[in-house]
Amino acid sequence: MKQDKTIQFDPHAIVGKWQEKWRLDKLYQINLGNAKRPYYCLMMFPYPSAEGLHIGNIYMQTGTDAFARFKRMQGYDVFEPMGLDAFGIHSENYALKIGKHPMEQGRLVQENFYRQMEAAGTMIDWSKKLETTDPNYYKWTQWLFVQMFKHGLAVRKKAKVNFCPSCKTVLADEQVIDGKCERCSSVVGKRDLEQWFFKITKYSQRLLDNIPGLDWDEKIKIAQTNWIGESKGAILKFKVDIPQSKSIELEIFTTRPDTLYGSTFMVIAPEHELVKQIFHETFSIDPEIKKEIRKYIKSVQNKPEEERLTEGKEKTGVFSGLFALHPLTGKQLPIWIADYVLASYGTGAIMAVPAHDERDYDFAVKYSLPIKHVISSPENDSHNSLYVGAGEIINSDIWNGLLYPKDIVKIISDIEKRGVGKAKSNYHLRDWLISRQRYWGPPIPMIYCEKCALENKSWFTQSNVTKPEEWEGAGWYPVGDKDLPVLLPFIEDFKPLGTGISPLANHPEFYNVKCPGCGSDARRETDVSDTFLDSAWYFLRYLATDWNEVPFPSPDFTKANLKFTNGFDLDLSHNNHKSSSESADFSSELVNRSRFLPVTIYIGGAEHAVLHLLYARFTTMALHDMGYLDFEEPFSKFYAHGLIIKDGAKMSKSKGNVILPDPLIEKFGIDTVRLYLRFLGPFEQGGDFRDTGIEGMHKFIKRIWKMFSNVSNQGKELSSERVKMMHQTIKGVTEDMEGLRFNTAIAKLMSYYNFLSTQNEVNVSEAKIYLQLIAPFAPHVAEELWYTIGESSSVHLSKWPSYEEKYLVSEEVRIAIQVNGKVREVLAIAINDSQNKVKVIELALQSEKVKRHLGGAIIDPAKVIYVPGKVLNFIV
RNA sequence: GCCGGGAUGGCGGAAUGGUAUACGCGGUAGUCUCAAAAACUACUGGCUAUAAUGGCUGUGUGGGUUCGAGUCCCUCUCCCGGCACCA
């Protein structure tokens, strides 16, 4: 009997030992400018909260890390960075809650976060971490804003915006869930405010067009497609029937131009331009009607969002006193004003076709408006029914007999031919509202000059750059690149005011500046930008955290003159961080580092499908168009991981089922936690956390520990069964790792362990392979045992084992035997050679089992249908 | 309402159209022990049965395709997620 060399398994001792060694060896510090096979493995960075890291954070980080370690062992130069998304309402609200200043709070929390993240035993390169609250970071967030402004993508618009009464700030559409605030669940109201917007809608079609080419989770692609929400249809023009005045055209958008003949009235939104004209111009409208309109509009304006939601589909409206003329029949159609038509979508006006649209139908029934059928319905031909399905076009003059939806293209081209309208797509996507009337964010780097505004001057006139459409930016100047960052000052009264004005607006020392255009007294923008702007570009910054001259590496920065006259003023001759001899290489460094982009794989939560991921795509696309990036999609591959739940329910403080990582790591060690988190369910689906489950995994680690503390160093020849098992395991685990199927990879490793435990002693070659395969999950244990079996360098520097098919050819083959057209029997037999099919079949036929079941029937091997590795169909 | 994704033992979950339930948890029995824990070994879908390497049945419901279906197609039921007066 061999002597048991097992030392008591003490996870904490080996974790400390190896993490220290990795740190000293700078094992995971990657030289970005000198990578042979760049591989950018990025995980979403967290926003720090006071409780520290949630088990969900550890779940995501260690999952990403397992993949990164695997890729590293495959020979890639894997870059795995991490940082903190520390600005924003979430952090600020917490600071408010505990009565601390966000700046102070941030510093306290940050330390704890990094400590916890480092305890997870990842190969994160901590020398390149970043925080969005760092002025060296938000300097570039502000630079990005300036670029957006200069390229006409950042505009100021007066708009009805979502306003959260509790957070006291405006919210983007994406941050309103069921009419409630994403963060605090208060009912969101509407306010009319002038705000900064990014014109993401300008990119709607491109954001949509690129989706099929992305190697992303299908469900995320669908969610983005739906969010952008393209509706194909047509813009149609109706003349407003006003005899005594010049003709006014009413443009409407419809997805159903085929039902044009079925239109019996028009509806415009209460905010529609025409409504204002009713009062301003000398339309001969009955004063009584005007009074009614005024009353209606007032009631709509005062209607809180809550009421609108609870009212559901109950529609209200009022007759405008005006008529439109049907473009094809010339018939008079009454124009109604109703708030079920949204001003923000399409043209804010519709043609109502009550016979074939549910909303129009409800409205027509309520106000006794006529209903005219123009699509034949299969069952119900009753005159007043609603039919939205496919069918033949009727009562429509020359369109009769055409089919909906098949012939809609023909109809649109006919409409265009007659000059009545044209094909047009509309999008659900709205512009990105950037302004926040809060304190805890990067100040928007803009200056407003009243004097210039009156003279209609702006940065655009000063720089002689073409102004953006719709908005000329009168009075606005961006802060010069050399004056960035605009520092967020430390102020005591940082609490939101709730008046639609930022806390910074109480600080003249902050907002009083001179106009960059005319030099007179001007005012700084006092709003800060949305947190999502911070995270829309952070993946670029990880590659340049040591640079002050450029925000991120890009070959385009090496051009002495940037394509845009308004581009960033880059001085390539000088560099703060490097000695002069090195700075000559700065240009090539820019090129080399940029080879990590776009991000090779991005891993994060599916909940960011339409927020962060869309903003990051838009930002990248915009930077590409500005000439700063040579790619337009930020993430080549995106992998959405699942959520970890507890006892079948989402973890929440109110349910008291929150799992914190620290006690678990304390009790079992990080390797057990890492293994268990990978094992409890598929990474893409998440899973249910069980206390007994993690105990089981701990037992497993202890067994491995024991087994590999006692390996044989004698290079005894392995039996073919053992070689086969080894290669099968390598193959299976490699394939699983490639697809991020960690749970099944671990199951295979456990199964392989069970096999090895039936052998007398484990050979060193088996042990090596085993430790390499398990290293991505349990790096410290693998490292220690690797050392124990006599290997000197790190297991993570070794190459991921490869398998050879020749050891796997012996396999089980199932055969189905057909005798006289009937299936006689289905059998399983083991064969040794699948290369030669006749040999396989002969072997099969010689098998006692087959002979018995065939009952004397003669089978011609040539007639056997052979499917490699699968099934043999015998036909007699 | 619309768009996604699901439903497999007592539980978490495996299964390129080919022996359903891998792997883990839990359970039962045993070894060790004065005893317990730990560790190890065997068994563990259900019903039935033992002469056997037995029979029947079994992946939410009901059909279909196929020699063969958890897997593909259609019907329904339920659960989870997202969007929602978007013309």
Side-chain angles (χ1 to χ4, degrees), chain A residues 177-179 218-227 229-231 233-234 252-257 259 263 267 269 308-309 311-315 338-342 344-353 356-360 362-363 388 426-430 606-607 609-610 642-643 645 647-648 650 675-676 679-682 684-685 687-697 699-700 702-703 706 732 735-736 741 743-754 757 812-819 821-828 849 865 867 869-875:
Chain A
I177 314 291
D178 288 334
E218 219 42 50
K219 63 179 180 235
I220 305 292
K221 285 161 76 166
I222 291 165
Q224 287 216 354
T225 306
N226 292 344
W227 187 263
E230 183 187 15
S231 288
I252 63 103
F253 174 73
T254 180
T255 53
R256 294 291 303 273
T259 60
S263 147
V267 185
R308 274 191 68 162
L309 284 166
E311 274 177 3
K313 285 189 159 72
E314 178 63 30
K315 288 172 185 57
D339 71 342
Y340 83 88
V341 169
L342 307 174
S344 52
Y345 187 77
T347 59
I350 61 154
M351 66 171 194
V353 186
H356 306 294
D357 181 280
E358 198 185 334
R359 295 147 303 179
D360 297 344
D362 292 345
F363 195 78
V388 294
N426 258 321
Y427 303 90
H428 179 184
L429 187 67
R430 304 296 151 84
E607 69 272 19
V610 291
L643 280 183
I645 56 170
D647 303 325
K650 240 184 198 171
L675 261 169
Y676 178 61
F679 183 66
L680 52 62
E684 62 188 341
Q685 279 171 39
D688 203 3
F689 191 95
R690 293 179 166 258
D691 300 333
T692 53
I694 195 166
E695 305 259 3
M697 196 49 78
K699 266 197 276 188
F700 172 62
K702 283 194 280 193
R703 279 189 281 228
K706 196 172 172 195
E735 285 169 1
D736 285 345
R741 292 184 299 272
N743 57 329
T744 50
I746 292 171
K748 285 182 178 100
L749 285 169
M750 290 177 127
S751 190
Y752 186 36
Y753 167 86
N754 290 343
S757 68
E812 297 256 310
V813 173
R814 282 181 61 77
I815 59 172
I817 302 161
Q818 267 184 17
V819 181
K822 278 194 168 179
V823 174
R824 267 290 180 86
E825 200 55 73
V826 180
L827 304 166
K849 261 189 173 179
I865 302 160
V867 184
K870 269 194 177 177
V871 184
L872 296 169
N873 283 317
F874 285 65
I875 297 160

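Below, read A as the first sequence line, B as the second, and so on, with proteins coming before strands; counting in each chain starts at 1. Here the structure is a predicted model, which is why all the values come from computation and not from measurement.
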query: Are the charged groups of A:Asp736 and A:Lys748 less than 4.0 angstrom apart, N to O?
result: yes
- prompt: Taking any strand in view, what nucleotide pairs with B:A69 in a Watson-Crick or G-U wobble way, both distances under 3.5 Å?
  reply: none
message: Output the rounded distance in Å from CD (A:Glu684) to C1' (B:G81).
response: 14 Å
message: I'd like to know if A:Lys315 reaches the base of B:C85 with its side chain, counting only an N/O donor and acceptor under 3.5 Å.
response: yes
Conformer about C1'-N of B:G70 - syn within 90° of 0, anti elsewhere: anti
field: Sugar-phosphate, base or nothing in reach of A:Val267, heavy atoms under 4.0 Å
entry: nothing
message: Side chains of A:Tyr340 and A:Ile350, heavy atoms from C-beta outward: is any pair under 4.5 Å?
response: yes
query: Parallel, tilted or perpendicular: which fits the ring planes of A:Phe689 and A:Tyr676, with parallel below 30° and perpendicular above 60°?
result: perpendicular
field: Spacing between A:His428 atom NE2 and B:C85 atom C1', to the nearest angstrom
entry: 12 Å
statement: Rounded to whole Å, the CD-P distance (A:Gln685 to B:G6) equals 7 Å
task: Give the rounded distance in Å between these two atoms: CD of A:Glu218 and C1' of B:G6.
output: 17 Å
query: According to the Watson-Crick and G-U wobble definitions, with both distances under 3.5 Å, which nucleotide is paired to B:C83?
result: B:G1
- prompt: When all nucleic acid strands are considered with a 4.0 Å heavy-atom cut-off, which category describes A:Ile350: base, sugar-phosphate, or nothing?
  reply: base
task: Could you check if a side-chain atom of A:Met351 sits within less than 4.5 angstrom of a side-chain atom of A:Thr259, using non-hydrogen atoms only?
output: yes
message: Please classify the nucleic acid contact of A:Asn743 as base, sugar-phosphate, or nothing, using heavy-atom distances under 4.0 Å.
response: sugar-phosphate
- request: Pick base, sugar-phosphate or nothing for A:Gly346, based on heavy-atom distances below 4.0 Å to the nucleic acid.
  value: nothing
- prompt: For B:U77, which nucleotide is its Watson-Crick or G-U wobble mate, given both distances must be under 3.5 Å?
  reply: B:A7
message: Regarding A:Asn754, tell me which of base, sugar-phosphate or nothing describes its non-hydrogen contacts under 4.0 Å with the strands shown.
response: sugar-phosphate
query: Between B:G24 atom P and A:Met697 atom CE, what is the distance in whole Å?
result: 9 Å
Assigned partner base of B:U31, Watson-Crick or wobble definition, under 3.5 Å: B:A39
- line: Taking a pair to mean Watson-Crick or G-U wobble geometry with both distances below 3.5 Å, B:U59 pairs with none
message: Distance check, C1' atoms only: B:G13 and B:U59, in whole angstrom units.
response: 13 Å
field: Nearest-Å distance for atom pair CD1/P, residues A:Ile694 and B:G26
entry: 13 Å
message: Once you apply a heavy-atom cut-off of 4.0 Å, does A:Lys748 come out as touching a base, just sugar-phosphate, or nothing?
response: nothing
query: Between A:Lys219 and A:Arg703, who's closer to the 5' end of RNA chain B by nearest nucleotide?
result: A:Lys219
- request: State whether the side chain of A:Asp360 and the backbone N or O of A:Val353 hold a donor-acceptor pair below 3.5 Å, judged by distance alone.
  value: yes
